[in-house]
Amino acid sequence: MLVADNISKKFSGVTALDNVCLQLHEGKVNAIIGENGAGKSTLMKILSGVYTEYEGRIIYKGETVRFKNTKDAQSKGIAIIHQELNLVPHLSVAENIFLGSEVTTPIGLLDKKQMREATKELLNRLKLDVNPDTQIGKLKVGQQQVVEIAKALLHNAGVIIMDEPTSAIGDKEVKVLFDIIAGLKQEGKVIVYISHKLDELFAIADRYNVLRDGRFIESGEMKGISHDRLIQKMVGREIVFNSKRNLLGEAKVLLSVNNVSLNKDSERDKKLLKGISFTLNKGEVLGIFGLMGAGRTELLETIFGLHAKNATGSIIVDNKEYRFSSPSQAIREGIALVPEDRKKDGLVLGLDVKQNICITTLDRMQRMGVLDSGREASLAEMYIGRLHIKTSSAKQLAKNLSGGNQQKIVLAKWLATAPKVLMLDEPTRGIDIHAKTEIYKLISQLAGEGMGIIVVSSEMPEILAVADRILVMCEGIITAELSAEDATEDKLLIKAIPKTI
Amino acid sequence: KAGNGRGTHKKVAVIVSTLNNPWFVVLAQTAAAQARALGYDTKIFDSQNNTAVEADNFENAISAGYNAILFNPTDADGSVSNVLEAKAAGIPVFCMDREVNSVDAATSQILSDNYSGCVAIGKYFVEKLHKHGKYAELLGLVGDNNTWNRSKGFHSVVDFFPGLTMVAQQSADFDRNKAMEVMESILQAHPDIDAVFCGNDAMASGAYQALVAAGKANDVKVFGFDGAQDVIESIQNKKIVATGMQFPKVMAKTAANYAGEYFKGKRDFPKKMPVAVELVTQENVSDYTGYGKKD
Amino acid sequence: MDAAITKLNYRQYLARFQSLIALFVLCVLISLLSDKFLTVTNAWNVMRQISVNICISVGMTLVVLTAGIDLSVGSILALCGAITAGLLKNGIELPSSNLYVGFTVLGACVAGIIAGSLLGMFNGWTITRFKVPPFVATLAMLTIARGLTMLWTKGFPITGLGRKFSFLGTGWFLGIPLPVWISGVVVVAAMIITNKTRLGRYIYAIGGNENAARLSGININYIKVAVYTIAGVLAAVGGLIITSRLDAAQPNAGTGYELDSIAAVVIGGTSLSGGRGSIMGTVLGALIIGVLNNGLVLLNVSPFWQQVVKGLVILAAVIVDKVNSKNE
Amino acid sequence: MDAAITKLNYRQYLARFQSLIALFVLCVLISLLSDKFLTVTNAWNVMRQISVNICISVGMTLVVLTAGIDLSVGSILALCGAITAGLLKNGIELPSSNLYVGFTVLGACVAGIIAGSLLGMFNGWTITRFKVPPFVATLAMLTIARGLTMLWTKGFPITGLGRKFSFLGTGWFLGIPLPVWISGVVVVAAMIITNKTRLGRYIYAIGGNENAARLSGININYIKVAVYTIAGVLAAVGGLIITSRLDAAQPNAGTGYELDSIAAVVIGGTSLSGGRGSIMGTVLGALIIGVLNNGLVLLNVSPFWQQVVKGLVILAAVIVDKVNSKNE
Ligand SMILES: Nc1ncnc2c1ncn2[C@@H]1O[C@H](COP(=O)(O)OP(=O)(O)OP(=O)(O)O)[C@@H](O)[C@H]1O
Ligand SMILES: Nc1ncnc2c1ncn2[C@@H]1O[C@H](COP(=O)(O)OP(=O)(O)OP(=O)(O)O)[C@@H](O)[C@H]1O
Ligand SMILES: [Mg+2]
Ligand SMILES: [Mg+2]
């Protein structure tokens, strides 16, 4: 059993952890919950030897330990799945899984064969069907996260920390993971599980530990605690889950996508999208559900003009047809895309909040050809207020904000363009319940103002909560269209699962 | 096999230490032109001041079947092995301007004597400064042995006169711009110098520019070495005091002619044929043009 | 410049400040060893001597901010200087129709600068159109432009360009040398571009995260071409200054300048991986190098030792930065 | 080499293949224009000529794979060559106690290589200990090592090193020139390191994602120091070859070699941002450059045009790659 005793951690200025004490039990799934920025990851990084400077003690198996580095922690039997993917894009799956703990032959050369075999086994266990020699960079976010999990399972550690392991994977993979966690429980291992998806916690967690603003609030058995109580402990106040707003009177078609197809540029024959057609009404929230790899991201990207070379079909915005040639054109047509991976595609982490928010509308920020920092500041402040972005100032570097607030910046920069159509790809990935509800509110509010919104999500509750109409995608085609009323979880799932298995 | 092609098919390689400096461009182009005039195919190889590149040039020239090499070594010692390689392949090598330190490697060496040339300049320098004053010296590339031949020749005379004190000795890499900047800085430390001796004419021109900018053009005497076109003009215009005229054209022509005679069967060439460096001053400048004598 | 000092500005500010310390220490040391260093005329000397490097390095900074690099600046400088000098001296003669076109000083300068912009544009074109790594593209241009210079000058310096032209490099205006004016204007313009214009913001964005920049509707290729073109133009300006100062266009002018200017940029705290850095830093970097060269000569350090000392000082300067400012 | 061709290998394979095409086309063109090109002796010439660049470039490849760069290889080459030559010729005399230490050929070579390793280690040390950007650290070393070479040689080449030593650079073994043997061994060793050892794996990992590498418990600093040390050693080896081939250690040997070798690395498809590339590619890159230099000389291209052509061909070679292999 692993105990954190009075642990405190400061980053230049910010106090991330403040005298946190908590006990993590063997043979149990210990959930750690808290809002973005509560200090969950920081604590885990301390427990796994990433941060070696901290106050307080770690007590493991009855004795005080102080890890020199991650390898040290690993050798003592503590494995961690980090929140941010930590994989080397140009190395293969096998090479990544064994990175730092390679198997070598007696003469000190790498034993690739054995590592490949071991990897195959792991991947089978996780039901991930990719070649161990595939480059990580070629995998989708979801697939990469499964590889991260595999990496942690490699050395059968006594403590396994999972920091939002399911933030990027679909329900199918989640099921697999939960089976494995159950297995590990049987082996009496300490499992630490961090997630913002509460229903997951209710599914597998035995105990909960609540962190708020870097302080330990309380812990207890999951049994018998209610969804809302948990949220209240986390947030420190009640959260009213907004009810559906009523649609605008007449439905006016805003965007219509006709027979859009997209082939993978490497293999011309393989189609990522096959003859997609749908329409989006003014003031409507259209949800697109599908399992990982269904082609949703590609669809949004295509509409946004990112795959001009390989795409066919036509798109009509406000009765005006346009060729999806480039993002700048799409933006001119009033289309905006909040991408799936905010760190990779959404933000310039090295620029500050203000600069990130204004980047899409700099043409409006200049006076006599020169940028007017006044206008920029006011725009930034406006959105910081409107979206409740938690940041020390508009000049804070984007990289120093927590996930939820980063996502809000991306939203802000697109709202600033006053788009007609707003496309959101996994808008709440890795975002805490509080921020989530805020984003849901925002979505319906914007729709209320007449914006057309497309929400891609792998989380069924999310889709059901926000969408007026739901499209289900599977392997690049639309398999179903349902209205919010008669959509149910199993209806969606049936249509989402490929027939070919 | 070298030596047995017919006259018209003879090929002559001109391997020159560098083309980054007009002086060597003249040398190379004159040699090539003369050889061509004698009816041989010729090609110029640029060794880029790099003995390794020079070695490559030799190898390539040999395997490309050239019958003779007109050679301007990058380095007296460093180039010996290259010449020996050609000799082993039965190809005559005629050195121009710079020598290689080997008695029998080259068929003949037509040499410009930098050392004694600078001795002459040194003497004139002493005379012009009336045996005393402060002066600065601008060296060429520190890693180039001509830099030191010239410096040594100069000092072999000047150092005998206690009245002459060298207040600064800096390198300007044979480069005009570097010379100007170094000179500007030297003038800060020693505004009162009476003369500057430069290891080549490019540096002399650069130094003169610096003096003009500092308004000291008339107070400081500039001495160069090479006999470059623009410095000869400057001497005519009483800007620069003197330079050492080497005769690249003469040396190049001689080397090319030797090659021709070699093909015709002549073998007894003078091992060393020094071409004197002549002192060009404001008095006698009218006899000279860039890189040679008026004719 | 305004509002609370935030992490970013604070960091930049600090880094700048750090180079300042290094520079300051350097100056103090030299002036302790030589009373000739801290004089007005010498100050102008140093300023004049670094003016060329500053012009080049400013362009280099913009390129490096986009995570690129430009090795061709030295050759472009030489070629453009030679073109201007050639046109000024000989004009253009068309042997076919025995037509002769003469050039005014202004005309020749403009021609040289246009040449620079075209060469830079070519760099940008190969880099964006064919995705050639900047290093290779500009390395190729380095050789090409050098070769063209040799062909244009036939290997001989073009000299005797006349009073009017040499005023550009040797003249004074309001008690300040003209080259210093020029580099000053370049620096101010570049600071405005980087801090106050869309172009500048886009440059940082591309260097920081090219993906995100593209998805924000920024035309990456357009910006990159612009940046390399600017670098070319500034190299040409440098070429004009050198040529006019020497009253001669040297075929081998500017050899190795690429390293000097990249050094100035990096010593100035700009990251070669792009997205982070400032013009001000680069100016300080150039100053450090310039003061160093000047000082070594003033102190008459033996040419043999100079390089060793120079290397050690540069290293020291950067280490001072890194150690004091704990920004990692 | 084993198992099904996976995406990764396939891509590398393709990239390699691409450079191969460029090289092949180049060879065909030259041999069409000159019957002297495709001869055994000329082949050995080319191989011997690139052997030094290959040694250096292999080290450079490792450095670049870690997302670093090493500008000091040229000077280190010169210094180590000079040290070996100096010890061989003059040994060490201690004026104090009039003691004289002579050196065997082997001893002198070992000394030179040790010197190289120390210089490389110093690079690695400044880079890891003080977080000095590799560009600056090695740029400083470039100047320092060059200066030390001048001091050691007093500006004069060290010559007359004797038959035994010059065998190293000019000798043949089993019908293959010794320098080719040496570079061959270096290449094979490097390929084993990069493909078959932890060190190699970690080099790729650090270049690909330093953070992930650190979190996987890899000792980043240790690996980096190792890599720069190897680069130093290989530069020293290159220095031995050149020195022995010329039977002389030139004070200014190896000037500008850093660019040649980086060019070979990049043309070979290794990314300057690290993590991607192969030794094989670098070898091909060096071959392309070597064949080009050799070919331009064989065909009667005038020296001035040579540079232009060279630049254009290099550009073309890379563009061919990029256009054909659609891996972006
Ligand atoms: N490297 C860092 N430098 C400065 N501040 C940091 C750093 N890492 C974390 N912080 C701050 O520490 C606090 C805790 O961050 P942490 O990542 O642990 O939150 P979290 O609970 O994991 O949030 P999330 O649910 O979004 O992952 C936040 O305020 C964050 O801004
Ligand atoms: N760059 C790429 N290289 C190779 N395959 C790709 C690439 N991008 C997408 N794919 C494949 O295209 C299909 C659709 O991917 P896409 O990301 O659109 O699915 P998705 O529904 O958005 O999944 P996710 O929920 O993970 O975003 C998947 O099979 C994916 O593997
Ligand atoms: Mg976290
Ligand atoms: Mg997606």
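So you know, we letter chains A, B, ... as the sequences are listed, proteins then strands, and number each from 1.
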#### Entry: Closest-packed option against chain C by number of heavy-atom pairs under 4.5 Å, given A:Gln329, A:Glu376, A:Met365
A:Glu376
### Query
Of the backbone (N, CA, C, O) and the side chain (C-beta and beyond), which part of A:Lys343 lies under 4.5 Å from a heavy atom of chain C, both, or neither?
backbone
#### Entry: Gap separating the CG atom of C:Asn211 from the CG atom of A:Leu306, nearest 0.5 angstrom
9.0 Å
### Query
Which heavy atom in A:Ile331 sits nearest to a heavy atom in C:Gly217, and how many Å separate them?
CD1-CA, 3.6 Å
### Message
To the nearest 0.5 Å, what is the distance between CG on A:Leu362 and OH on C:Tyr202?
### Response
4.5 Å
### Query
If you take all heavy atoms of C:Gly208 and A:Val348, which pair is closest and at what distance?
CA-CG1, 3.8 Å
### Query
Heavy-atom count around C:Arg129 CZ within 6.0 Å, excluding the residue itself: above 12?
no
### Value rounded to 0.5 Å, distance of OG in A:Ser328 from CD1 in C:Ile218
10.0 Å
### Query
If you count heavy-atom pairs under 4.5 Å with chain C, which of A:Asp341, A:Val410, A:Asp345 comes out on top?
A:Asp345
### Distance (rounded to the nearest 0.5 Å) between A:Leu371 CG and C:Arg201 CZ
5.5 Å
### Query
So A:Gln366 and C:Thr197, side chain to side chain contact (heavy atoms under 4.5 Å, CB included) or not? Walk me through it.
CA-CA 8 Å; A:Gln366 47 194 0; C:Thr197 69; 5.9 Å; no
## Note on the structure
Between the OG atom in A:Ser326 and the CG atom in C:Asn219, the distance rounded to the nearest 0.5 Å is 7.5 Å
### From CA spacing to verdict: side chain to side chain contact (heavy atoms under 4.5 Å, CB included), C:Tyr204, A:Leu351
CA-CA 8 Å; C:Tyr204 279 95; A:Leu351 292 181; 4.1 Å; yes
### Task
Find the distance between CG (A:Leu347) and CG (C:Asn209) and round it off to the nearest 0.5 Å.
8.0 Å
#### Entry: Toward chain C, the part of A:Glu301 with a non-hydrogen atom under 4.5 Å
neither
### Task
Examine whether an atom of A:Asn356 lies under 4.5 Å from a heavy atom of chain C, and if so say whether it belongs to the side chain, the backbone or both; otherwise answer neither.
neither
#### Entry: C:Glu210 bridged to A:Lys344 by N-O distance under 4.0 Å
no
